[in-house]
Trainee: 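Take this structure first; my questions come after.
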Amino acid sequence: MKGNQLSIKTIVAIGIGAAVFVILGRFASIPTGVPNTNFDTSYGFLALMAIVFGPVAGGLIGLIGHALKDAIFYGTPWWSWVIVSGIVGFLIGLAAKKINIESGVFNVKKIILFNVVQIIVQAIGWFAIAPTLDVLIYAEPVNKVYLQGLVAGGLNMVTVAVLGTLLLSIYAKSRSQSGSLTKDV
């Protein structure tokens with residue numbers, strides 16, 4: 001990104017990322033038994049995209065992807081959770097420079113950093129912001145929405161820890177490491 005402009009590559013990544021988020025959120029999620037709360041693989045993918053493309057892309061993928069998923073499959077976006085998906089993508093993306101996945105190195109230190117960041121971000125988003133917004137925007141029952149937030153947040157942490165870490169490890173292996181003899185074409 002130069003100045004305040006998004007690159008064509010980042011804009012394409014946002015569009016494709018949002019579409020994949022919708023598909024994963026609809027077809028690769030498992031109901032938990034808690035109303036309107038699923039074990040959702042899309043957050044592992046969102047974390048990958050946020051680390052690869054940065055906070056703006058991560059935020060927009062989470063925001064657009066979640067809004068589209070809700071609109072297509074439920075008729076209307078549930079804005080409190082849509083906003084938190086955007087926040088989660090954005091905040092995980094802030095760690096992109098520190099993790100520097102393009103270096104081809106995703107060692108134990110970077111894996112721990114990634115997971116500490118994602119756990120803190122998701123705890124703030126799903127345990128605090130989403131349920132509070134549910135109460136403020138939709139006048140939902142406090143007990144119900146905080147339970148949903150705890151379940152969704154906990155499952156998202158596990159999904160990102162497992163799937164996100166795996167995807168980032170695979171992605172890092174596809175990059176040329178600094179100082180390697182492999183020449184980028």
Side-chain angles (χ1 to χ4, degrees), residues 1-29 38 40-73 77-79 81-107 110-111 113-122 124-126 129-130 152 156-178 180 182-185:
M1 193 162 64
K2 291 182 180 178
N4 291 329
Q5 296 179 337
L6 291 175
S7 71
I8 300 286
K9 181 179 173 182
T10 302
I11 292 168
V12 170
I14 292 166
I16 292 170
V20 172
F21 187 98
V22 171
I23 292 165
L24 290 173
R26 176 64 178 137
F27 298 109
S29 65
N38 296 322
D40 196 340
T41 59
S42 58
Y43 290 94
F45 176 76
L46 175 61
L48 167 72
M49 296 299 281
I51 294 297
V52 172
F53 293 100
V56 173
L60 289 172
I61 290 166
L63 189 74
I64 295 166
H66 197 139
L68 286 173
K69 179 188 76 164
D70 283 3
I72 292 167
F73 298 107
W78 194 260
W79 290 109
W81 286 47
V82 169
I83 290 165
V84 171
S85 290
I87 291 169
V88 166
F90 180 82
L91 292 176
I92 290 173
L94 289 176
K97 285 185 180 176
K98 188 77 172 164
I99 291 172
N100 188 18
I101 199 74
E102 295 298 328
S103 71
V105 176
F106 193 57
N107 56 22
K110 289 183 179 184
I111 290 169
L113 172 64
F114 166 71
N115 279 291
V116 166
V117 167
Q118 72 93 358
I119 287 168
I120 291 169
V121 164
Q122 296 210 75
I124 293 166
W126 301 114
I129 298 172
N156 288 348
M157 288 174 191
V158 171
T159 300
V160 174
V162 175
L163 186 58
T165 300
L166 179 63
L167 290 171
L168 284 165
S169 294
I170 292 167
Y171 184 85
K173 288 177 183 164
S174 75
R175 307 286 95 194
S176 297
Q177 289 189 13
S178 308
S180 74
T182 306
K183 184 164 181 113
D184 290 327
V185 183

Trainee: I want to check something: taking the side chain as every heavy atom from C-beta on, are Trp78 and His66 in contact at a cut-off of under 4.5 Å?
Mentor: no
Trainee: Kindly indicate whether the side chain of Glu102, heavy atoms from C-beta on, has any atom under 4.5 Å from the side chain of Val52.
Mentor: yes
Trainee: Looking at CG of Leu168 and CD1 of Ile99, how far apart are the two atoms once the value is rounded to the nearest 0.5 Å?
Mentor: 7.0 Å
Trainee: Determine the minimum heavy-atom distance between Leu60 and Ile14, stating which atoms define it.
Mentor: CD1-CD1, 3.7 Å
Trainee: Applying salt bridge (Lys or Arg N to Asp or Glu O under 4.0 Å), which residue pairs with at least one partner in residues 55-71 are found, sequence neighbours left out?
Mentor: Asp40-Lys69
Trainee: Test your reading of the model: is there a side-chain donor-acceptor pair from Thr41 to the backbone of Ala28, 3.5 Å cut-off?
Mentor: yes
Trainee: Shortest non-hydrogen contact from Gly44 to Thr159?
Mentor: N-CG2, 3.9 Å
Trainee: Should the pair Tyr43 and Phe21 be assigned to parallel (<30°), tilted (30 to 60°) or perpendicular (>60°) ring geometry?
Mentor: perpendicular
Trainee: Measure across Gly54 and Ala96 and return the closest heavy-atom pair with its distance rounded to 0.1 Å.
Mentor: CA-CB, 4.2 Å
Trainee: Got Leu163 and Phe45 here, is their nearest side-chain heavy-atom distance under 4.5 Å?
Mentor: no
Trainee: Hey, are the side chains of Asn100 and Lys110 touching, using non-hydrogen atoms and a 4.5 Å cut-off?
Mentor: yes
Trainee: If you round to the nearest 0.5 Å, how far is CG of Leu46 from CZ of Phe90?
Mentor: 13.0 Å
Trainee: Which heavy atom in Val82 sits nearest to a heavy atom in Pro77, and how many Å separate them?
Mentor: CG2-CB, 4.1 Å
Trainee: Quick one: CG on Asn156 to OG on Ser42, what's the gap to the nearest 0.5 Å?
Mentor: 7.5 Å
Trainee: Looking only at non-hydrogen atoms, find the nearest pair between Ile92 and Ala50 and report the distance.
Mentor: CG2-CB, 4.1 Å
Trainee: Can you tell me how far the CD1 atom of Ile101 sits from the CD1 atom of Ile51, to the nearest 0.5 Å?
Mentor: 7.5 Å
Trainee: What's the separation between atom CD1 in Ile87 and atom CD1 in Ile129, rounded to the nearest 0.5 Å?
Mentor: 4.0 Å
Trainee: Measure across Ile119 and Met157 and return the closest heavy-atom pair with its distance rounded to 0.1 Å.
Mentor: O-CE, 3.5 Å
Trainee: Taking only residues two or more places apart in sequence or in another chain, which ones pass side-chain contact (heavy atoms from CB on, under 4.5 Å) with Ala161?
Mentor: Asn115, Gln118
Trainee: Among all residues two or more places apart in sequence or in another chain, which pass the ring pair (Phe, Tyr, Trp, His ring centres under 6.0 Å) test with Phe114?
Mentor: none
Trainee: Using 0.5 Å steps for rounding, measure from the CZ atom of Phe73 to the CG atom of Leu68.
Mentor: 10.0 Å
